[in-house]
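Just so you know, these numbers come straight off a predicted model, no measurement behind them. Numbers restart at 1 for each chain; the letters A, B, ... are given by sequence-line order, proteins then strands.
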Amino acid sequence: MKKSVFFGAMTVAGLAAGAAAAGTLDDVKARGKLNCGVTTGLTGFAAPDANGEWAGFDVSVCRAVAAAVLGDASAVEFVPTTGKTRFTALASGEIDMLARNTTWTFSRDVDLKFTFVGVNYYDGQGFMVPKELGVSSAKELDGATVCIQTGTTTELNLADFFRANNISYEPVPIETNAEAQQQYLAGACDVYTTDASGLAATRATFEDPTAHVVLPEIVSKEPLGPLVRHGDDEWGDVVRWSLNAMIAAEELGVSSANVADMSASAGNNPEINRLLGTEGNLGEMLGLSADWAKNIIASVGNYGEVFEANIGESTPIGLARGLNAQWTDGGLLYTPPFR
Amino acid sequence: MATLSDPPAESFKLSMLIYDTRYRAVTFQIMALIAFLTLIGWLISNTAQNLADLGKEPSFGFLFEPAGYDINQRLVEYNNQDSHLRAAFVGLLNTLLVAFLGCVTATVIGVIVGVLRLSGNWLVARVMTVYVEMFRNVPVLMWIVLAMAILIESLPAPRDFRGDNATASMSVFDSVAVTNRGVYIPEPLFSRSLGDLPVGGAFNISLDLVAFLVVLAGGLFLSGRIRARADAQQEATGVRPTTWYLRLGAVLVPVIAVLIALGFHLGYPELKGFNFQGGTYMRNSLIALWLALSLYTAAFIAEIVRAGILAISKGQTEAAGALGLRPGRIMSLVILPQALRVIIPPLISNYLNLTKNSSLAIAVGYMDLTGTLMGITLNQTGRELETVLLGMLIYLGISLAISALMNWYNSRVKLVER
């Protein structure tokens, strides 16, 4: 008897698991809300503003997908995740997508069974030291104490860099950026290392930013991008092309200011027409409405607008476009054509 | 003549399982057991099924892949090319180190505070009450973070020791450097070292340490024999011979002889490059964790000790006083030995608590088992289920070992009833 009950339970479990594996796109449409995983708070990338509304560079990707699928950029349930919980949350289906400055790596893509749909920020790991130490290169850091956020790819890059250069160091693992800042400023570590964008954001908050230098070495490639679960390619396409639409819109000169005019009727640039749905049926192919890309640009903006508003040079974070400029401006942003 | 006929042979009917009080209890217990096992089975099969759907079958193969990250505090050899398993082992040793240090310190502080709380001196008793209430009623995580913040903010950085106008200097005859990265103390070195003994390829044991411990144990044993002889002589003649210099010599002379034979000297820390080099480096993450865990748990132990002492009837104290014992000796010879049987069982659970609380170490970046196996390894491999299960098993093992040890001690000191 015990056995038959057990098998019965297994069947029920199997059925439940089978039901959960339906298309994410349909789930999101039925729910009327997108569950999007973000950081627990990193100014510029994802943090609640004064009104409690989530805002930031990564948050905009979530909002873009919500605008494309549901036509409403505010129909997003933001789920704060830590470095430790982010992958579990995505794998278990608690969130539909993860936009949490997550580095695209081989093992995460292949072994952890996730699909990175693109790159929304090209970053690299750097080092920051107080100017008074007189260090001009990361290779002079033999024996230094290095503060590092634990549970990130930076930890492995750091080990690789020091091993490759055959110099020693003392790692001080730290949970959050705020604690790292405290230890670094108190002199409990000589060096702080994280993604260069993070260093810039951190240094901007110092009392005297000029007393600290970011060393020229960028020791790793950190392509940060949104990701979804393996195996649901329709949903992966939706997220991928939502991001691409933002990038293409900047390249084509479509912004939140002029999108209403441009989408009113077909213009003379066929690619813009296809993007905005006045020509062709790209939206239908994705399983979305024809004006999906127009909704993104109207409510969230194009890539350049989002960058400037959240992390650009006019913000306290003050990041230059650098690698994240359009390919036409010497950057790496290069979206496949909309056709 | 038989007046009673045999009772009719009772036939067993299925309904009796419920209606017959002789079987009912058993029936319900079996049903509850089946329900419980079904629930467990469902949880396991559901987890396995969902993981299989995600293409992530449980596997422990990742433990043998290179870890790729560095650990600052290593009690055994480790570099970033060693396996995740080895990294977990390094973390486990760090956990055991802080748990051991914490338990010893907490016991010492706890016993002192517990006794002093009962002191006749109003001020001392009140100060101890304030200590106990403060530490007991604030979560231990706060104390850990506070201890770390104080160490980082109030102590000088290594660069303050440098140059002609240094604002900080080393203490204790220039042998100890107290910095906001940790404390550097002189380390014992042996110029005629015996070398290391590898144990199963996992770690090395210093033969110098072994030699030192063997000689020390021998000395202590000899000293114990001398005391036993003195006791026997006192029993027989009523006069206790003076033996303290014999006992001291029995312990010290062989130990000093071994240290000289091995060429013992101290290695002092020196400021070199970014940091101090040489000496033993106690990181402030270890100190903060150790301090906070000890002070926190000591507050509980103090209460246990106080309860144990109060459990001994006042007549014992008065009787001992009437025999002419001084208050200090009444406490150590009469009250505490009896109080121990009340103190030990709750003390065990406090040791277990301290060990488990040490998993908060990541708050100050102390690389314990939670920081390595269930922290970085979990993150880099994405094997949440496996690492957490393994971590839980190890903590369970540690806790069971501690309680087995303490139960054995308890059975030795508990009151022998006649």
Task: Side chain, backbone, both or neither of Ala48(B) within contact of chain A (heavy atoms, under 4.5 Å) - done: neither
Open item on the list: Which atoms of Thr381(B) are under 4.5 Å from chain A, going by heavy atoms: the side chain, the backbone, both sets, or neither?
Closed with: backbone
- [ ] Report yes if the side chains of Ser107(A) and Gln380(B) come closer than 4.5 Å at any heavy-atom pair, otherwise no.
- [x] no
- [ ] Any chance you could measure Ile152(B), atom CD1, to Glu179(A), atom CD, to the nearest 0.5 Å?
- [x] 8.5 Å
- [ ] Measure Asn157(A) against the heavy atoms of chain B and call it side chain, backbone, both or neither at under 4.5 Å.
- [x] neither
Open item on the list: Could you check whether any side-chain N or O of Arg181(B) sits under 3.5 Å from a backbone N or O of Gly187(A), counting only pairs where one atom can act as donor and the other as acceptor?
Closed with: yes
Task: Selection from Asp190(A), Leu112(A), Asp142(A), Leu185(A) maximising heavy-atom pairs under 4.5 Å formed with chain B - done: Asp190(A)
Open item on the list: Could you check whether atom CG of Asn166(A) has more than 12 heavy atoms from other residues, nucleotides or ligands sitting under 6.0 Å from it?
Closed with: no
Task: Portion of Tyr281(B) that has a non-hydrogen atom of chain A nearer than 4.5 angstrom - done: side chain
Open item on the list: Is there a side-chain contact (heavy atoms from CB on, under 4.5 Å) between Arg383(B) and Asp111(A)? Walk through the geometry before answering.
Closed with: CA-CA 10 Å; Arg383(B) 300 274 174 192; Asp111(A) 191 34; 4.1 Å; yes
Open item on the list: Does any backbone or side-chain atom of Leu378(B) lie under 4.5 Å from a heavy atom of chain A? Answer side chain, backbone, both or neither.
Closed with: side chain
Open item on the list: Is there a side-chain contact between Asp70(B) and Tyr169(A) in this structure, where contact means two heavy atoms from C-beta onward sitting under 4.5 Å apart?
Closed with: yes
Open item on the list: Let's test your reading of the structure: which of Asp160(A), Val172(A), Thr145(A) forms the most heavy-atom pairs below 4.5 Å with chain B?
Closed with: Thr145(A)
TODO: Find out whether Val191(A) and Phe274(B) are in side-chain contact, i.e. whether some heavy atom of one side chain is under 4.5 Å from a heavy atom of the other.
DONE: no
Open item on the list: So which atom in Pro130(A) and which in Arg159(B) form the shortest heavy-atom distance, rounded to 0.1 Å?
Closed with: CG-NH2, 3.8 Å
TODO: Please round to the nearest 0.5 Å and tell me the distance separating atom CG of Asn80(B) and atom CZ of Arg163(A).
DONE: 5.0 Å
Open item on the list: If the threshold is 4.0 Å, N to carboxylate O, is there a salt bridge linking Arg283(B) and Glu170(A)?
Closed with: yes
Open item on the list: So does Pro171(A) get a backbone contact from the side chain of Asn72(B), meaning a donor-acceptor N/O pair under 3.5 Å?
Closed with: yes
Task: Interface moiety of Thr88(A) toward chain B, non-hydrogen atoms closer than 4.5 Å - done: both
Open item on the list: Just verifying a value: how many Å separate Glu384(B) CD and Thr85(A) OG1, rounded to the nearest 0.5 Å?
Closed with: 10.0 Å
TODO: Kindly say whether Ala186(A) contributes a backbone atom to a donor-acceptor pair with the side chain of Asn180(B) at under 3.5 angstrom?
DONE: yes
- [ ] Would you check if the side chain of Asn275(B) reaches a backbone N or O of Gly143(A) as a donor-acceptor pair within less than 3.5 Å?
- [x] yes
Task: Under 4.5 Å from a heavy atom of chain B, the part of Leu141(A) involved - done: both
Task: Region of Ala67(B) in contact with chain A, defined by heavy-atom distances below 4.5 Å - done: backbone
TODO: Check whether any side-chain heavy atom of Gln183(A) lies under 4.5 Å from a side-chain heavy atom of Met148(B), and answer yes or no.
DONE: yes
Open item on the list: Given heavy-atom pairs under 4.5 angstrom as the criterion, report whether the side chain, backbone, both or neither of Gln73(B) touches chain A.
Closed with: neither
TODO: Against chain A, label Pro158(B) side chain, backbone, both or neither, depending on which of its atoms sit under 4.5 Å from a heavy atom there.
DONE: side chain
Open item on the list: Given heavy-atom pairs under 4.5 angstrom as the criterion, report whether the side chain, backbone, both or neither of Glu140(A) touches chain B.
Closed with: backbone
